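Scroll down for the structure; my scribbles are underneath it.
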Amino acid sequence: MPEVLVTVHLFASLREAAGTGRIRLRLPEATPVGAVWGHLPEPVRTRSDPPDGMRYALNHEWTLPGAPLRDGDEVALVLPVSGG
Amino acid sequence: MPEVLVTVHLFASLREAAGTGRIRLRLPEATPVGAVWGHLPEPVRTRSDPPDGMRYALNHEWTLPGAPLRDGDEVALVLPVSGG
Amino acid sequence: MVALSSIPLDLATLVQAATDPEHGGLVTFIGSTRRESDRRPVRTLVYEAYEELALRELQAIAEEAAARFGARLAVAHRTGRVPVGEPSVAVAASAPGRPEAFAACRYAIDELKARAPIWKQTEFADGQTTWLDGCQDREHGHWAEEGAPGEGQGPLPRASVRGGRPA
Amino acid sequence: MVALSSIPLDLATLVQAATDPEHGGLVTFIGSTRRESDRRPVRTLVYEAYEELALRELQAIAEEAAARFGARLAVAHRTGRVPVGEPSVAVAASAPGRPEAFAACRYAIDELKARAPIWKQTEFADGQTTWLDGCQDREHGHWAEEGAPGEGQGPLPRASVRGGRPA
């Protein structure tokens with residue numbers, strides 16, 4: 001099965017758990033961005049499912065969980081926000 | 001009829017019309033503050049009735065038009081306001 | 001803190017006066033002279049306060065807002081000549097949360113405009129001046145809306161509009 | 001103007017950026033770190049932004065508010081460590097009249113808090129730290145409301161609360 005290499009951007013507690021703000025993952029081609037969580041390494045994925053209110057960005061634009069990943073994509077896991 | 005001597009504080013166009021911010025008036029004892037307008041000198045009283053929304057202060061506190069004047073009182077004719 | 005000031009209002013001073021370490025939100029309102037009034041160019045505004053009562057009224061408004069919204073307020077109003085573009089009034093209100101901070105600031109500026117004994121004289125670019133005090137404005141706050149000034153429409157006496165007053 | 005800043009926010013800069021000579025009202029909101037969170041003393045907050053997208057989102061919010069309310073906006077958010085009492089976020093919005101200025105400012109701060117990809121880590125006085133990001137907070141925004149931290153109630157894994165991090 002063909003694979004794609006993507007960069008995953010991590011923030012807040014995910015970034016701390018990973019020890020880095022970006023990791024690279026090899027994923028099956030056309031994996032939807034919403035499935036990236038399940039492919040995170042165990043020490044990073046501190047819970048089985050993404051938290052309620054999780055959003056996703058693809059190449060620094062908002063996207064939907066169903067968007068398929070292509071080779072070279074930069075996907076961001078945008079945890080529920082708390083700015084302000 | 002006994003009279004009282006009061007100081008009338010004038011502002012904005014009334015003050016300009018009077019050429020001064022305060023005038024003294026001799027008025028019949030117990031004249032209500034709401035009647036002061038009718039006793040203003042002709043050049044000051046630019047209209048026959050006080051404008052809608054006119055308020056009154058007696059000795060620098062809000063008062064009602066029916067409040068009776070006593071000797072030495074300071075009455076202010078508070079025209080409709082436009083600050084801010 | 002409430003103040004009348006004949007020199008420019010300093011927003012930082014008001015913000016500092018309204019700051020409270022228990023309050024997470026602070027809202028300010030700044031009202032400035034616009035360069036047009038009813039589509040006529042304005043040169044400057046002149047504010048006149050009934051000082052004794054204006055200060056009491058500003059204090060009363062600040063206390064009402066504090067009681068209603070758990071807020072801490074600072075309110076200041078310019079007096080005298082205020083060139084176009086400069087703030088004529090400033091309010092700062094802090095509260096534990098942002099809805100109350102917004103509500104307290106809005107309450108204070110709305111009440112100030114309705115109640116504080118302060119009057120505004122508009123000086124137009126052509127030198128004509130008019131007070132907004134219910135005597136010189138045809139319709140309070142909408143002085144020249146129905147036509148050019150001095151045309152003798154409505155209850156405005158011609159004499160109440162002064163032309164060519166030296167600056 | 002929209003900005004992320006690792007140094008203290010300057011309100012005067014935002015006010016200047018939002019000023020428009022046609023606008024008579026200008027409203028600002030300043031959000032500051034409170035010295036307590038859920039009744040526990042706080043030492044400092046740390047803000048982390050997804051910078052590329054946060055700037056776009058702030059710009060989008062400013063443009064939405066401009067279109068809806070005829071407003072001009074400036075929005076800035078701190079990043080990094082923000083000591084208790086210092087502003088973490090500031091919004092300035094001017095509009096022709098004061099209702100629109102209030103509405104535009106309120107819209108911008110509400111949308112920012114709901115949408116901008118920026119996260120807050122609370123560092124308590126006892127050295128314990130926690131992110132408000134839906135993973136470490138038991139209930140988003142109400143982290144310690146039901147009990148002391150680390151008691152193992154609810155979905156919060158013990159490991160997600162870090163103790164004794166050096167300042």
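In what follows, every chain begins at residue 1, and chains take the letters A, B, ... in the order their sequences are listed. These numbers come from a predicted model, not from an experiment.
- Remark: D/Glu123 CD to D/Thr44 OG1 distance equals 6.0 Å, nearest 0.5 Å.
- Of the possible polar contacts, none joining the D/Tyr47 side chain to the D/Ser6 backbone as a donor-acceptor pair under 3.5 Å is found.
- Using a 4.5 Å cut-off on side-chain heavy atoms (C-beta onward), A/Trp37 and A/Leu14 make contact.
- No side-chain heavy atom of D/Val27 sits less than 4.5 Å from a side-chain heavy atom of D/Arg98.
- Counting heavy atoms of neighbouring residues, nucleotides and ligands inside a 6.0 Å radius, atom CD of A/Glu3 exceeds 12 of them.
- Nearest heavy atom pair, residue A/Pro51 against residue D/Cys135, reads CG-SG, 3.9 Å.
- Among D/Glu48, D/Lys113, D/Lys120, the residue with the largest count of heavy-atom pairs under 4.5 Å with chain A is D/Glu48.
- If you measure heavy-atom distances from D/Arg78 to chain A, you find no contacts under 4.5 Å at all.
- Using a 30° and 60° split on the angle between ring planes, D/Trp119 and A/Phe11 fall in the parallel class, below 30°.
- Only the backbone of D/Ala49 comes within contact range of chain A, judged by heavy atoms closer than 4.5 Å.
- We find the OG1-CZ distance between D/Thr19 and D/Arg72 to be 7.5 Å, quoted to the nearest 0.5 Å.
- Among residues 53-69 of chain A, the residues having any heavy atom closer than 4.5 Å to a heavy atom of chain D are, in sequence order, A/Arg55, A/Ala57, A/His60, A/Glu61, A/Trp62.
- Using non-hydrogen atoms only and a strict 4.5 Å limit, the part of residues 54-65 of chain D facing chain A consists of D/Arg56, D/Glu57.
- Considering only heavy atoms from C-beta on, A/Val4 stays 4.5 Å or farther from A/Thr31 through its side chain.
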